[in-house]
Amino acid sequence: MKNILAPSILSADFKILGEQLKLTEEAGAEYIHFDVMDGMFVPSISFGMPVLASIKGATTQTLDVHLMVTEPIRYVEEFVKAGADIVTVHYEACEDLQATIDKIHAAGAKVGISIKPKTPVDVLLPYLDQAEMFLIMSVEPGFGGQAFIPESLERISELRNLLNEKGLTTDIEVDGGIYHKNVAEVLAAGANVMVSGSGVFKGDIKDNTAKFMEILNSNV
């Protein structure tokens with residue numbers, strides 16, 4: 001499994017977003033994490049398809065779209081048309097998760113399934129062989145800048161063990177409170193895709209990204 005950095009543009013400066021994306025790409029970040037929030041599933045509201053479409057033309061990075069929205073099946077096709085390479089939906093937000101998974105695949109994107117911090121990991125058991133990525137939220141979804149919930153490490157390990165038992169090497173992504181100081185222990189727990197917002201975009205973006213990549217590359 002490859003270790004991947006996914007800078008979250010929630011912490012970016014949209015006045016110069018294209019320049020900032022280029023800096024992360026040059027320093028080795030392969031994904032861009034795009035958080036969509038609807039004000040219903042989570043309290044915040046972020047951005048949608050037009051912003052994603054504009055980013056698609058500004059970078060060659062994989063667009064990792066995280067739909068924190070109620071009944072995301074309604075928007076799957078539009079987000080894929082706008083440029084989503086991976087569409088991650090929440091277990092808790094889908095009335096029919098299987099239908100949502102099928103629709104994402106039919107639209108030509110990879111499937112990610114996310115769970116919130118208080119959702120048991122074993123709810124994912126029926127879907128272990130149906131997603132290209134699983135996202136463990138290490139904070140409550142909806143706001144940037146929260147502290148990493150330490151119990152998340154056990155949840156990551158539990159999920160990795162479940163995947164290993166089935167012979168699956170599926171990506172595990174972690175989102176929330178990821179910084180240089182704790183990313184190694186998150187990797188050690190079994191995750192390999194790291195989302196970081198302020199850890200990348202606050203300060204020297206290229207240097208922050210390079211430091212993340214150094215840690216990710218030395219923990220393969």
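A quick note: this is a predicted structure, and the numbers were derived from the prediction, not measured. Numbering starts at 1 and runs along the sequence shown.
- With Ser196 contributing its side chain and Ile178 its backbone, the two residues share a donor-acceptor pair below 3.5 Å.
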Which atom pairs, donor and acceptor, lie under 3.5 Å between side-chain atoms of residues 40-55 and protein residues at least two apart or in another chain?
unit_1: Ser44; atom_1: OG; unit_2: Gly142; atom_2: O; d: 2.7
unit_1: Ser46; atom_1: OG; unit_2: Asp35; atom_2: O; d: 2.8
unit_1: Ser46; atom_1: OG; unit_2: Met37; atom_2: N; d: 2.8
unit_1: Ser54; atom_1: OG; unit_2: Val51; atom_2: O; d: 2.7

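- Contact of the Gln130 side chain with the Val111 side chain is not registered, since no non-hydrogen atoms from C-beta on lie closer than 4.5 Å.
- Looking at every heavy atom in both residues, Ala12 comes nearest to Leu17 through CB-CD1, 3.6 Å.
- Within the 3.5 Å criterion, the main-chain N or O of Tyr179 finds a donor-acceptor partner in the side chain of Asn182.
- Under the 4.5 Å side-chain criterion, counting only non-hydrogen atoms from C-beta, Met194 is not in contact with Glu173.
- Proximity of Val87 to Val89: side-chain heavy atoms (C-beta onward) are separated by under 4.5 Å at one or more points.
- Here Leu124 contributes atom CG and Ser114 contributes atom OG; the two are 9.0 Å apart, rounded to the nearest 0.5 Å.
- Of all heavy-atom pairs between Ala189 and Leu153, the closest is CB-O, 3.7 Å.
- The two residues His105 and Ala109 come nearest to each other via the heavy atoms CD2-O, 3.6 Å.
- Taking CD of Glu158 as the start and CD1 of Ile136 as the end, the distance is 8.5 Å to the nearest 0.5 Å.
- Taking the six-membered ring for Trp and the full ring otherwise, His66 and Phe34 have centroids separated by 6.0 Å or more.
- What you find for Thr209 and Gly28 is that their closest heavy atoms are CG2-N, 4.4 Å.
- Annotation: the span from Leu159 atom CG to Leu128 atom CG amounts to 7.0 Å, rounded to 0.5 Å.
- Atom-to-atom distance recorded for Ile104:CD1 and Glu77:CD is 11.0 Å, nearest 0.5 angstrom.
- Heavy-atom contacts from other residues, nucleotides or ligands closer than 6.0 Å to CD of Glu185 number more than 12.
- Residue-environment remark: OH (Tyr75) stays at or below the threshold of 12 foreign heavy atoms within 6.0 Å.
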Legend entry - Lys56 vs Asp85, salt bridge (charged side-chain N to carboxylate O under 4.0 Å, His left out): CA-CA, chis, key distance, verdict: CA-CA 10 Å; Lys56 184 68 175 178; Asp85 298 300; 3.5 Å; yes
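- Side-chain contact between Ile115 and Glu92 is present, with heavy atoms from C-beta onward closer than 4.5 Å.
- Taking 4.5 Å as the limit, every side-chain heavy atom of His90 sits out of range of all side-chain heavy atoms of Pro72.
- A donor-acceptor pair under 3.5 Å links the side-chain atoms of Arg155 to the main chain of Thr119, judged by distance alone.
- Using a distance-only test at 3.5 Å, with no hydrogens or angles considered, no donor-acceptor pair links the side chain of Asp171 to the main chain of Phe134.
- A donor and an acceptor atom, one from each side chain of Thr170 and Glu132, are nowhere located under 3.5 Å apart.
- Under the 4.5 Å side-chain heavy-atom criterion for grouping Ile, Leu, Val, Met, Phe, Trp and Tyr, Leu163 is connected to Val123 within one hydrophobic cluster.
- For Asn3 and Asn192, the side-chain atoms include no donor-acceptor pair closer than 3.5 Å.
- Hydrophobic clustering keeps Val193 apart from Ile113 (ILVMFWY residues linked when any side-chain heavy atoms are closer than 4.5 Å, directly or through intermediates).
- A donor-acceptor pair shorter than 3.5 Å cannot be found between the side chains of Thr62 and Glu30.
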Inset, instruction - Given side-chain contact (heavy atoms from CB on, under 4.5 Å), test Thr60 with Glu25 step by step and report yes or no. - result: CA-CA 8 Å; Thr60 61; Glu25 187 170 12; 2.3 Å; yes
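- Hydrophobic clustering keeps Val139 apart from Val186 (ILVMFWY residues linked when any side-chain heavy atoms are closer than 4.5 Å, directly or through intermediates).
- In plain terms, the two heavy atoms of Pro126 and Asp129 that are nearest each other are O-OD1, 4.3 Å.
- Counting heavy atoms from C-beta on, the side chains of Met1 and Arg160 come closer than 4.5 Å.
- Side-chain contact between Ile9 and Ile32 is present, with heavy atoms from C-beta onward closer than 4.5 Å.
- Taking hydrophobic clusters as Ile, Leu, Val, Met, Phe, Trp and Tyr residues chained together by side-chain heavy-atom distances below 4.5 Å, Phe201 shares a cluster with Leu63.
- Using a 4.5 Å heavy-atom cutoff, the side chains of Thr88 and Leu67 are not in contact.
- A side-chain donor-acceptor contact under 3.5 Å links Ser138 to the backbone of Asp175.
- Ion pair Lys206/Glu26 flagged as a salt bridge, since at least one NZ, NE, NH1 or NH2 atom sits closer than 4.0 Å to an Asp/Glu carboxylate oxygen.
- Under a 3.5 Å cut-off, the side chain of Gln20 and the backbone N or O of Ile205 do not form any donor-acceptor pair.
- There is a path of hydrophobic side-chain contacts, each under 4.5 Å, that joins Ile156 to Leu5.
- In this structure, the separation between NZ on Lys211 and CG on Asp204 is 8.0 Å, given to the nearest 0.5 Å.
- Remark: Asp102 engages Gln98 in a side chain to side chain donor-acceptor pair (under 3.5 Å) (not counting sequence neighbours).
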Inset, instruction - Start with the C-alpha gap between Leu135 and Val174, add the side-chain angles, then the distance that decides, and say whether side-chain contact (heavy atoms from CB on, under 4.5 Å) holds. - result: CA-CA 6 Å; Leu135 169 54; Val174 181; 5.5 Å; no
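- Lys103 and Asp96 are not joined by a salt bridge, as no carboxylate oxygen comes within less than 4.0 angstrom of a charged side-chain nitrogen.
- Note that the NZ atom of Lys2 and the OG1 atom of Thr169 stand 14.0 Å from one another [nearest 0.5 Å].
- For the 3.5 Å distance criterion, the side chains of Gln61 and Thr24 qualify, holding a donor opposite an acceptor.
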